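Quick notes on the structure that follows.
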2 protein chains.
Amino acid sequence: MEQESRLAGTVRPGGRTAKVRAAVLTATQDELVERGFHGLSMDQVAARAGVGKTTVYRRWGTPSGLVADLMNELADESSPHADTGTVEGDLRANALSVLQAVTDPRLGATFQAVIAAATCDEEAAKALRAFYGRRVEEWAKAVDRAVGRGELPPGTDAKEVIRAVSAPLYYRLLVTREPVTAEAAERSALRALAAARAGAFAEGA
Amino acid sequence: MEQESRLAGTVRPGGRTAKVRAAVLTATQDELVERGFHGLSMDQVAARAGVGKTTVYRRWGTPSGLVADLMNELADESSPHADTGTVEGDLRANALSVLQAVTDPRLGATFQAVIAAATCDEEAAKALRAFYGRRVEEWAKAVDRAVGRGELPPGTDAKEVIRAVSAPLYYRLLVTREPVTAEAAERSALRALAAARAGAFAEGA
DNA sequence: ATCTTAACGGAACTTCTGTCCCATTAGGGG
DNA sequence: CCCCTAATGGGACAGAAGTTCCGTTAAGAT
(Lines give C-alpha, C1' and ligand atoms only; values in the text may rest on other atoms or scores of the structure.)
Protein backbone atom coordinates (compact mmCIF):
# COMPACT_ATOMS: atom_id res chain seq x y z
CA MET A 1 0.00 0.00 0.00
CA GLU A 2 1.42 3.29 -1.13
CA GLN A 3 2.29 5.52 1.81
CA GLU A 4 -0.93 7.52 2.19
CA SER A 5 0.06 11.06 1.35
CA ARG A 6 -0.48 14.12 3.51
CA LEU A 7 -3.86 15.71 3.97
CA ALA A 8 -5.60 17.48 1.14
CA GLY A 9 -4.95 21.19 1.12
CA THR A 10 -1.39 21.02 2.40
CA VAL A 11 0.51 21.08 -0.89
CA ARG A 12 -1.05 24.18 -2.32
CA PRO A 13 -2.36 26.07 0.68
CA GLY A 14 -2.82 29.26 -1.29
CA GLY A 15 -5.71 31.68 -1.37
CA ARG A 16 -8.62 29.44 -2.23
CA THR A 17 -7.69 26.58 0.06
CA ALA A 18 -7.13 28.96 2.96
CA LYS A 19 -10.45 30.65 2.31
CA VAL A 20 -12.24 27.32 2.28
CA ARG A 21 -10.64 26.35 5.57
CA ALA A 22 -11.55 29.63 7.20
CA ALA A 23 -15.13 29.42 5.98
CA VAL A 24 -15.48 25.83 7.13
CA LEU A 25 -14.02 26.43 10.58
CA THR A 26 -16.22 29.47 11.10
CA ALA A 27 -19.27 27.50 10.02
CA THR A 28 -18.25 24.69 12.34
CA GLN A 29 -18.09 27.03 15.30
CA ASP A 30 -21.44 28.55 14.41
CA GLU A 31 -22.99 25.12 14.28
CA LEU A 32 -21.42 24.16 17.60
CA VAL A 33 -22.91 27.23 19.24
CA GLU A 34 -26.34 26.47 17.84
CA ARG A 35 -26.51 22.69 18.02
CA GLY A 36 -23.59 21.38 20.03
CA PHE A 37 -21.17 18.67 19.01
CA HIS A 38 -23.80 15.99 18.82
CA GLY A 39 -25.71 17.99 16.24
CA LEU A 40 -22.67 18.76 14.10
CA SER A 41 -23.29 17.47 10.59
CA MET A 42 -20.73 17.55 7.81
CA ASP A 43 -23.39 18.37 5.23
CA GLN A 44 -24.73 21.22 7.30
CA VAL A 45 -21.27 22.68 7.82
CA ALA A 46 -20.55 22.47 4.10
CA ALA A 47 -23.80 24.20 3.23
CA ARG A 48 -23.25 26.92 5.81
CA ALA A 49 -19.68 27.52 4.68
CA GLY A 50 -20.82 27.61 1.08
CA VAL A 51 -18.44 24.87 -0.03
CA GLY A 52 -19.01 21.45 -1.54
CA LYS A 53 -19.65 18.69 0.97
CA THR A 54 -17.14 16.54 -0.86
CA THR A 55 -14.47 19.02 0.15
CA VAL A 56 -15.41 18.88 3.79
CA TYR A 57 -15.40 15.09 3.83
CA ARG A 58 -12.13 14.94 1.96
CA ARG A 59 -10.23 17.38 4.14
CA TRP A 60 -11.68 16.71 7.57
CA GLY A 61 -13.36 13.34 7.34
CA THR A 62 -15.50 13.46 10.47
CA PRO A 63 -17.07 15.97 12.87
CA SER A 64 -14.25 15.15 15.28
CA GLY A 65 -11.76 16.10 12.59
CA LEU A 66 -13.42 19.47 12.16
CA VAL A 67 -13.39 20.12 15.85
CA ALA A 68 -9.78 19.00 16.20
CA ASP A 69 -8.71 21.36 13.43
CA LEU A 70 -10.65 24.16 15.08
CA MET A 71 -8.77 23.53 18.30
CA ASN A 72 -5.45 23.52 16.46
CA GLU A 73 -6.40 26.87 15.00
CA LEU A 74 -7.17 28.26 18.45
CA ALA A 75 -3.92 26.85 19.81
CA ASP A 76 -1.98 28.97 17.34
CA GLU A 77 -3.48 32.16 18.68
CA SER A 78 -1.13 32.67 21.62
CA SER A 79 -2.72 33.48 24.94
CA PRO A 80 -1.12 36.46 26.61
CA HIS A 81 -0.24 35.51 30.17
CA ALA A 82 -0.02 38.05 32.92
CA ASP A 83 2.83 39.13 35.19
CA THR A 84 1.26 41.08 38.02
CA GLY A 85 4.20 40.81 40.38
CA THR A 86 2.61 38.41 42.87
CA VAL A 87 1.55 34.76 42.59
CA GLU A 88 -1.84 35.66 43.88
CA GLY A 89 -2.32 38.21 41.13
CA ASP A 90 -1.02 35.86 38.47
CA LEU A 91 -3.14 32.92 39.56
CA ARG A 92 -6.22 35.12 39.71
CA ALA A 93 -5.42 36.37 36.24
CA ASN A 94 -5.07 32.80 35.08
CA ALA A 95 -8.40 31.79 36.61
CA LEU A 96 -10.10 34.78 35.04
CA SER A 97 -8.59 33.96 31.67
CA VAL A 98 -10.02 30.45 31.92
CA LEU A 99 -13.32 31.92 33.02
CA GLN A 100 -13.39 34.24 30.07
CA ALA A 101 -12.61 31.42 27.67
CA VAL A 102 -15.26 28.99 28.88
CA THR A 103 -17.82 31.76 29.28
CA ASP A 104 -17.45 33.10 25.77
CA PRO A 105 -20.28 31.56 23.72
CA ARG A 106 -18.14 30.57 20.77
CA LEU A 107 -15.08 29.45 22.69
CA GLY A 108 -17.12 27.74 25.39
CA ALA A 109 -19.09 25.74 22.85
CA THR A 110 -15.88 24.82 21.09
CA PHE A 111 -14.18 23.59 24.24
CA GLN A 112 -17.13 21.47 25.21
CA ALA A 113 -17.23 20.02 21.73
CA VAL A 114 -13.54 19.15 21.71
CA ILE A 115 -13.79 17.55 25.08
CA ALA A 116 -16.78 15.53 23.96
CA ALA A 117 -15.00 14.55 20.76
CA ALA A 118 -11.84 13.64 22.66
CA THR A 119 -13.68 10.99 24.67
CA CYS A 120 -13.71 8.80 21.59
CA ASP A 121 -11.42 10.30 18.98
CA GLU A 122 -7.65 10.29 19.28
CA GLU A 123 -7.14 13.19 16.90
CA ALA A 124 -9.35 15.46 18.96
CA ALA A 125 -7.67 14.24 22.13
CA LYS A 126 -4.30 15.14 20.68
CA ALA A 127 -5.46 18.64 19.73
CA LEU A 128 -6.83 19.08 23.22
CA ARG A 129 -3.60 18.01 24.88
CA ALA A 130 -1.58 20.28 22.60
CA PHE A 131 -3.78 23.25 23.39
CA TYR A 132 -3.72 22.88 27.14
CA GLY A 133 -0.15 21.66 27.31
CA ARG A 134 1.05 24.87 25.78
CA ARG A 135 -1.24 27.09 27.80
CA VAL A 136 -0.26 25.42 31.06
CA GLU A 137 3.43 25.78 30.26
CA GLU A 138 3.03 29.47 29.59
CA TRP A 139 1.24 30.15 32.85
CA ALA A 140 3.52 27.86 34.84
CA LYS A 141 6.24 30.47 34.43
CA ALA A 142 4.33 32.69 36.83
CA VAL A 143 4.57 29.98 39.48
CA ASP A 144 8.25 29.47 38.84
CA ARG A 145 8.80 33.19 39.28
CA ALA A 146 6.96 33.00 42.59
CA VAL A 147 9.20 30.18 43.75
CA GLY A 148 12.20 32.28 42.75
CA ARG A 149 10.85 35.17 44.79
CA GLY A 150 10.34 32.92 47.78
CA GLU A 151 6.56 33.26 47.66
CA LEU A 152 6.13 29.54 47.30
CA PRO A 153 8.14 26.60 48.65
CA PRO A 154 11.08 25.40 46.55
CA GLY A 155 10.33 22.31 44.48
CA THR A 156 6.76 23.41 43.84
CA ASP A 157 5.37 21.69 40.73
CA ALA A 158 4.45 24.76 38.70
CA LYS A 159 2.36 23.04 36.05
CA GLU A 160 0.37 21.18 38.63
CA VAL A 161 -0.47 24.43 40.39
CA ILE A 162 -1.79 25.87 37.14
CA ARG A 163 -3.78 22.74 36.45
CA ALA A 164 -5.19 22.94 39.97
CA VAL A 165 -6.50 26.42 39.22
CA SER A 166 -8.31 25.24 36.09
CA ALA A 167 -9.55 21.88 37.31
CA PRO A 168 -12.45 23.06 39.48
CA LEU A 169 -13.66 25.34 36.70
CA TYR A 170 -13.74 22.52 34.19
CA TYR A 171 -15.35 20.30 36.80
CA ARG A 172 -18.14 22.83 37.09
CA LEU A 173 -18.40 23.25 33.35
CA LEU A 174 -18.48 19.56 32.51
CA VAL A 175 -19.57 17.57 35.51
CA THR A 176 -21.77 19.55 37.84
CA ARG A 177 -22.67 21.94 35.01
CA GLU A 178 -23.15 24.86 37.34
CA PRO A 179 -22.43 28.28 35.87
CA VAL A 180 -18.75 29.13 35.96
CA THR A 181 -18.72 32.50 37.74
CA ALA A 182 -16.06 35.05 38.59
CA GLU A 183 -16.44 34.05 42.26
CA ALA A 184 -15.77 30.42 41.41
CA ALA A 185 -12.70 31.46 39.47
CA GLU A 186 -11.37 33.63 42.31
CA ARG A 187 -11.90 30.89 44.84
CA SER A 188 -10.28 28.32 42.65
CA ALA A 189 -7.16 30.48 42.36
CA LEU A 190 -7.02 31.15 46.08
CA ARG A 191 -7.47 27.51 46.98
CA ALA A 192 -4.72 26.37 44.69
CA LEU A 193 -2.56 29.09 46.15
CA ALA A 194 -3.32 28.02 49.71
CA ALA A 195 -2.38 24.44 48.94
CA ALA A 196 0.79 25.56 47.16
CA ARG A 197 1.82 27.74 50.10
CA ALA A 198 1.28 24.80 52.42
CA GLY A 199 3.76 22.84 50.32
CA ALA A 200 1.19 20.42 48.91
CA PHE A 201 2.66 20.90 45.43
CA ALA A 202 6.29 20.50 46.53
CA GLU A 203 8.32 17.49 45.43
CA GLY A 204 8.27 15.34 48.53
CA ALA A 205 4.59 15.77 49.29
CA MET B 1 -52.34 18.86 21.38
CA GLU B 2 -53.15 16.16 23.90
CA GLN B 3 -50.80 16.23 26.89
CA GLU B 4 -48.09 13.77 25.84
CA SER B 5 -48.32 10.91 28.31
CA ARG B 6 -45.49 9.46 30.38
CA LEU B 7 -42.71 7.37 28.91
CA ALA B 8 -43.32 3.94 27.49
CA GLY B 9 -42.65 1.18 29.96
CA THR B 10 -43.80 3.05 33.06
CA VAL B 11 -47.38 1.85 33.30
CA ARG B 12 -46.73 -1.83 33.19
CA PRO B 13 -43.12 -2.22 34.32
CA GLY B 14 -43.48 -5.92 34.99
CA GLY B 15 -41.25 -8.81 34.04
CA ARG B 16 -40.92 -8.34 30.32
CA THR B 17 -40.41 -4.60 30.36
CA ALA B 18 -37.84 -4.84 33.14
CA LYS B 19 -35.98 -7.55 31.28
CA VAL B 20 -35.89 -5.46 28.13
CA ARG B 21 -34.53 -2.49 30.06
CA ALA B 22 -31.83 -4.57 31.73
CA ALA B 23 -30.79 -6.14 28.43
CA VAL B 24 -30.68 -2.78 26.67
CA LEU B 25 -28.69 -1.02 29.38
CA THR B 26 -26.20 -3.86 29.53
CA ALA B 27 -25.83 -3.79 25.76
CA THR B 28 -25.40 -0.03 25.89
CA GLN B 29 -22.56 -0.31 28.36
CA ASP B 30 -20.91 -3.03 26.30
CA GLU B 31 -21.08 -0.84 23.22
CA LEU B 32 -19.69 2.13 25.13
CA VAL B 33 -16.71 0.09 26.24
CA GLU B 34 -16.05 -1.13 22.71
CA ARG B 35 -16.87 1.93 20.62
CA GLY B 36 -17.36 4.94 22.88
CA PHE B 37 -20.29 7.30 22.90
CA HIS B 38 -19.68 8.52 19.39
CA GLY B 39 -20.03 4.98 18.06
CA LEU B 40 -23.19 4.21 19.99
CA SER B 41 -25.91 3.21 17.54
CA MET B 42 -29.50 2.51 18.49
CA ASP B 43 -29.72 -0.31 15.95
CA GLN B 44 -26.59 -1.93 17.23
CA VAL B 45 -27.75 -1.73 20.84
CA ALA B 46 -31.09 -3.25 19.90
CA ALA B 47 -29.42 -6.11 18.04
CA ARG B 48 -26.98 -6.76 20.87
CA ALA B 49 -29.72 -6.71 23.47
CA GLY B 50 -31.84 -8.99 21.34
CA VAL B 51 -34.81 -6.63 21.25
CA GLY B 52 -36.61 -4.86 18.45
CA LYS B 53 -35.05 -1.59 17.39
CA THR B 54 -38.51 -0.05 17.47
CA THR B 55 -38.58 -0.65 21.20
CA VAL B 56 -35.24 1.05 21.74
CA TYR B 57 -36.28 4.10 19.73
CA ARG B 58 -39.63 4.27 21.46
CA ARG B 59 -38.36 4.04 25.03
CA TRP B 60 -35.06 5.91 24.81
CA GLY B 61 -35.23 7.94 21.64
CA THR B 62 -31.54 8.79 21.23
CA PRO B 63 -28.11 7.56 22.29
CA SER B 64 -28.11 10.33 24.89
CA GLY B 65 -31.32 8.95 26.29
CA LEU B 66 -29.77 5.51 26.67
CA VAL B 67 -26.76 6.93 28.42
CA ALA B 68 -28.87 9.12 30.70
CA ASP B 69 -30.95 6.12 31.75
CA LEU B 70 -27.78 4.16 32.37
CA MET B 71 -26.54 6.91 34.66
CA ASN B 72 -29.85 6.97 36.52
CA GLU B 73 -29.49 3.25 37.04
CA LEU B 74 -25.99 3.70 38.46
CA ALA B 75 -27.18 6.53 40.70
CA ASP B 76 -29.57 4.15 42.41
CA GLU B 77 -26.75 1.87 43.47
CA SER B 78 -25.65 3.70 46.62
CA SER B 79 -21.95 4.31 47.03
CA PRO B 80 -20.65 3.28 50.44
CA HIS B 81 -18.67 6.16 51.92
CA ALA B 82 -15.93 5.65 54.43
CA ASP B 83 -15.47 6.83 58.01
CA THR B 84 -11.83 6.30 58.86
CA GLY B 85 -11.75 8.64 61.82
CA THR B 86 -9.64 11.39 60.24
CA VAL B 87 -10.33 13.81 57.40
CA GLU B 88 -7.15 12.77 55.73
CA GLY B 89 -8.24 9.16 55.73
CA ASP B 90 -11.72 10.01 54.53
CA LEU B 91 -10.55 12.29 51.73
CA ARG B 92 -8.05 9.70 50.57
CA ALA B 93 -10.79 7.12 50.60
CA ASN B 94 -12.95 9.46 48.55
CA ALA B 95 -10.20 10.06 46.03
CA LEU B 96 -9.54 6.35 45.73
CA SER B 97 -13.23 5.69 45.24
CA VAL B 98 -13.28 8.17 42.37
CA LEU B 99 -10.12 6.59 41.03
CA GLN B 100 -11.68 3.17 41.13
CA ALA B 101 -14.80 4.38 39.36
CA VAL B 102 -13.09 6.15 36.49
CA THR B 103 -10.52 3.38 36.13
CA ASP B 104 -13.06 0.59 35.88
CA PRO B 105 -13.50 -0.15 32.16
CA ARG B 106 -17.28 -0.25 32.21
CA LEU B 107 -17.84 2.60 34.64
CA GLY B 108 -15.11 4.74 33.15
CA ALA B 109 -16.51 4.39 29.65
CA THR B 110 -19.96 5.18 30.97
CA PHE B 111 -18.85 8.33 32.76
CA GLN B 112 -17.04 9.63 29.73
CA ALA B 113 -20.09 8.92 27.62
CA VAL B 114 -22.47 10.71 29.97
CA ILE B 115 -20.18 13.69 30.16
CA ALA B 116 -19.93 13.81 26.39
CA ALA B 117 -23.69 13.45 26.07
CA ALA B 118 -24.32 16.11 28.70
CA THR B 119 -22.50 18.73 26.62
CA CYS B 120 -25.48 18.86 24.31
CA ASP B 121 -28.36 16.98 25.90
CA GLU B 122 -30.26 18.30 28.89
CA GLU B 123 -31.55 14.88 29.93
CA ALA B 124 -28.04 13.50 30.21
CA ALA B 125 -26.90 16.64 32.00
CA LYS B 126 -29.68 16.17 34.54
CA ALA B 127 -28.74 12.55 35.15
CA LEU B 128 -25.14 13.60 35.62
CA ARG B 129 -26.01 16.29 38.14
CA ALA B 130 -28.23 13.91 40.05
CA PHE B 131 -25.52 11.29 40.23
CA TYR B 132 -22.77 13.57 41.45
CA GLY B 133 -25.01 15.71 43.61
CA ARG B 134 -25.92 12.70 45.67
CA ARG B 135 -22.42 11.31 45.80
CA VAL B 136 -20.95 14.64 46.89
CA GLU B 137 -23.55 15.05 49.60
CA GLU B 138 -22.75 11.64 51.02
CA TRP B 139 -19.03 12.28 51.18
CA ALA B 140 -19.47 15.83 52.45
CA LYS B 141 -20.55 14.34 55.76
CA ALA B 142 -16.97 13.29 56.35
CA VAL B 143 -15.86 16.90 56.06
CA ASP B 144 -18.59 18.07 58.39
CA ARG B 145 -17.47 15.50 60.93
CA ALA B 146 -13.94 16.85 60.62
CA VAL B 147 -15.14 20.37 61.27
CA GLY B 148 -17.00 19.09 64.32
CA ARG B 149 -13.82 17.43 65.55
CA GLY B 150 -11.88 20.65 65.07
CA GLU B 151 -9.73 19.17 62.31
CA LEU B 152 -10.86 21.84 59.86
CA PRO B 153 -11.84 25.49 60.37
CA PRO B 154 -15.47 26.20 61.22
CA GLY B 155 -17.54 27.35 58.26
CA THR B 156 -15.68 25.07 55.85
CA ASP B 157 -17.81 24.38 52.75
CA ALA B 158 -17.94 20.60 52.93
CA LYS B 159 -19.30 19.94 49.46
CA GLU B 160 -16.73 22.20 47.88
CA VAL B 161 -13.94 20.28 49.58
CA ILE B 162 -15.27 17.04 48.17
CA ARG B 163 -15.60 18.55 44.72
CA ALA B 164 -12.04 19.83 45.04
CA VAL B 165 -10.84 16.28 45.59
CA SER B 166 -12.57 15.03 42.43
CA ALA B 167 -11.91 17.98 40.15
CA PRO B 168 -8.24 17.31 39.34
CA LEU B 169 -9.03 13.68 38.62
CA TYR B 170 -11.74 14.58 36.13
CA TYR B 171 -9.48 17.22 34.70
CA ARG B 172 -6.92 14.54 33.98
CA LEU B 173 -9.53 12.15 32.65
CA LEU B 174 -11.22 14.62 30.33
CA VAL B 175 -8.86 17.47 29.55
CA THR B 176 -5.24 16.43 29.75
CA ARG B 177 -6.22 12.78 29.29
CA GLU B 178 -3.30 11.54 31.32
CA PRO B 179 -3.83 8.26 33.15
CA VAL B 180 -5.60 8.74 36.45
CA THR B 181 -3.27 7.02 38.90
CA ALA B 182 -3.35 6.23 42.59
CA GLU B 183 -0.62 8.85 43.09
CA ALA B 184 -2.72 11.47 41.38
CA ALA B 185 -5.64 10.55 43.60
CA GLU B 186 -3.57 10.72 46.78
CA ARG B 187 -2.13 14.09 45.84
CA SER B 188 -5.49 15.45 44.95
CA ALA B 189 -6.84 14.50 48.36
CA LEU B 190 -3.86 15.97 50.18
CA ARG B 191 -3.99 19.23 48.23
CA ALA B 192 -7.67 19.74 48.92
CA LEU B 193 -6.95 18.98 52.56
CA ALA B 194 -4.09 21.49 52.70
CA ALA B 195 -6.30 24.21 51.23
CA ALA B 196 -9.11 23.33 53.61
CA ARG B 197 -6.80 23.44 56.63
CA ALA B 198 -5.58 26.85 55.50
CA GLY B 199 -9.18 28.04 55.61
CA ALA B 200 -9.53 28.45 51.85
CA PHE B 201 -12.89 26.68 51.97
CA ALA B 202 -14.23 28.66 54.92
CA GLU B 203 -17.11 31.09 54.50
CA GLY B 204 -15.33 34.43 54.44
CA ALA B 205 -12.55 33.36 52.11
C1' DA C 1 -59.31 -18.33 33.94
C1' DT C 2 -60.38 -14.44 31.08
C1' DC C 3 -60.03 -9.97 29.16
C1' DT C 4 -58.02 -5.54 28.19
C1' DT C 5 -54.44 -3.09 26.54
C1' DA C 6 -49.40 -1.68 27.46
C1' DA C 7 -45.50 -2.91 25.44
C1' DC C 8 -42.93 -5.46 22.08
C1' DG C 9 -41.19 -6.73 17.34
C1' DG C 10 -41.07 -7.27 12.24
C1' DA C 11 -41.12 -5.07 7.87
C1' DA C 12 -41.68 -1.47 4.75
C1' DC C 13 -40.51 3.10 4.12
C1' DT C 14 -38.21 7.86 4.20
C1' DT C 15 -34.40 10.62 5.23
C1' DC C 16 -29.80 11.50 6.12
C1' DT C 17 -24.84 10.23 5.98
C1' DG C 18 -20.90 9.22 3.56
C1' DT C 19 -18.56 7.69 -1.01
C1' DC C 20 -17.32 7.83 -5.80
C1' DC C 21 -16.63 9.73 -10.22
C1' DC C 22 -15.48 13.25 -13.14
C1' DA C 23 -15.73 17.90 -14.90
C1' DT C 24 -14.18 22.59 -13.52
C1' DT C 25 -11.35 26.11 -11.22
C1' DA C 26 -7.31 28.32 -9.80
C1' DG C 27 -2.33 28.15 -7.37
C1' DG C 28 2.21 28.54 -8.43
C1' DG C 29 6.32 26.91 -11.02
C1' DG C 30 8.53 27.46 -15.48
C1' DC D 1 1.89 34.39 -19.61
C1' DC D 2 1.05 29.54 -19.94
C1' DC D 3 0.79 25.02 -18.38
C1' DC D 4 0.26 21.35 -14.99
C1' DT D 5 -2.17 19.56 -11.52
C1' DA D 6 -3.88 20.27 -6.57
C1' DA D 7 -8.02 21.23 -4.93
C1' DT D 8 -12.83 22.12 -5.36
C1' DG D 9 -17.78 21.05 -6.40
C1' DG D 10 -21.86 18.83 -8.40
C1' DG D 11 -24.44 14.76 -9.06
C1' DA D 12 -25.31 9.97 -8.71
C1' DC D 13 -25.13 6.31 -5.69
C1' DA D 14 -24.98 2.76 -1.55
C1' DG D 15 -25.82 2.14 3.04
C1' DA D 16 -27.10 3.46 7.67
C1' DA D 17 -30.23 5.95 10.69
C1' DG D 18 -34.66 6.84 12.08
C1' DT D 19 -39.99 6.54 11.41
C1' DT D 20 -44.41 4.47 10.74
C1' DC D 21 -47.71 0.90 10.59
C1' DC D 22 -49.70 -2.96 12.32
C1' DG D 23 -49.97 -7.61 14.07
C1' DT D 24 -48.39 -10.30 18.31
C1' DT D 25 -47.31 -11.08 23.15
C1' DA D 26 -47.90 -10.92 27.90
C1' DA D 27 -48.76 -7.82 32.45
C1' DG D 28 -52.04 -7.15 35.54
C1' DA D 29 -56.84 -6.30 36.75
C1' DT D 30 -61.28 -8.65 37.46
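Each chain gets a letter, A, B and so on, in the order its sequence line appears, and its residues count up from 1. Predicted model, so just to flag it, every value in this text is computed and none were measured.
- Along DNA chain D, the nucleotide nearest A/G52 and the nucleotide nearest B/T17 are compared for position; the residue whose nucleotide lies closer to the 5' end is A/G52.
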With a cut-off of 3.5 Å and sequence neighbours excluded, list every side-chain donor-acceptor pair involving residues 164-175 of chain B.
residue	atom	partner	partner atom	Å
B/Y170	OH	B/Y132	OH	2.5
B/R172	NE	B/P179	O	3.2
B/R172	NH2	B/P179	O	3.3

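- In terms of the side chain to side chain contact (heavy atoms under 4.5 Å, CB included) criterion, residue partners of A/D144 (sequence neighbours excluded) are, by chain and number, A/A158.
- Classification of A/R191 and B/E160 as a salt-bridged pair holds, one side-chain N sitting under 4.0 Å from a carboxylate O.
- At a non-hydrogen distance threshold of 4.0 Å, A/S41, A/M42, A/D43 from residues 34-44 of chain A come into contact with DNA chain C.
- Legend: residues meeting side chain to side chain contact (heavy atoms under 4.5 Å, CB included) with B/R21, ordered by chain and number and at least two apart, are B/L25, B/R59, B/W60, B/D69, B/E73.
- Rounded to a whole Å, the OH atom of A/Y57 is 21 Å from the P atom of D/dA7.
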Shorter than 3.5 Å, N or O on both sides, protein versus nucleotides 20-25 of chain C: list them out with atom names.
residue	atom	partner	partner atom	Å
C/dT25	O2	A/R16	NH2	2.9

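- Between A/W139 and A/H81, the ring planes lie perpendicular to each other; the angle is over 60°, past the 30° to 60° tilted range.
- Among residues two or more places apart in sequence or in another chain, the side chain to side chain contact (heavy atoms under 4.5 Å, CB included) test is passed with A/A125 by A/A118, A/E122, A/R129, B/R177.
- The interatomic distance linking B/R21 (CZ) with C/dA6 (C1') rounds to 17 Å, in whole Å.
- Applying the salt bridge (Lys or Arg N to Asp or Glu O under 4.0 Å) test to B/K141 and every residue at least two apart in sequence or in another chain returns B/E138.
- An angle of 50°, rounded to 10°, separates the two end axes of the helix from C/dA1-D/dT30 to C/dG30-D/dC1, each defined over five pairs.
- You'll find a donor-acceptor pair under 3.5 Å spanning the side chain of B/K53 and the base of D/dG18, going by distance alone.
- Listed by chain and number, the residues in a salt bridge (Lys or Arg N to Asp or Glu O under 4.0 Å) with A/R58 amount to none (sequence neighbours excluded).
- A/E123 is linked by a side chain to side chain contact (heavy atoms under 4.5 Å, CB included) to A/A68, A/D121, counting only residues two or more places apart in sequence or in another chain.
- B/R92 contributes atom CZ, which lies 5.0 Å from atom CG of B/L190 (distance to the nearest 0.5 angstrom).
- For CD of A/E178, the number of neighbouring non-hydrogen atoms (other residues, nucleotides, ligands) closer than 6.0 Å is greater than 12.
- Of the charged side-chain nitrogens involved, none lies within less than 4.0 Å of a carboxylate oxygen, so that B/R134 and B/E137 do not count as a salt-bridged pair.
- When rounded to the nearest whole Å, the span between CZ of A/R59 and P of D/dA7 equals 8 Å.
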Please tabulate, one pair per line, each protein N/O and nucleotide N/O from nucleotides 28-30 of chain D that are separated by under 3.5 Å, including the distance.
residue	atom	partner	partner atom	Å
D/dG28	OP1	B/G14	N	3.2

Kindly list each side-chain donor-acceptor pair under 3.5 angstrom involving residues 36-46 of chain A, sequence neighbours excluded, with atom names and distances?
residue	atom	partner	partner atom	Å
A/S41	OG	A/D43	N	3.3
A/S41	OG	A/Q44	N	3.0
A/D43	OD1	A/Y57	OH	3.2

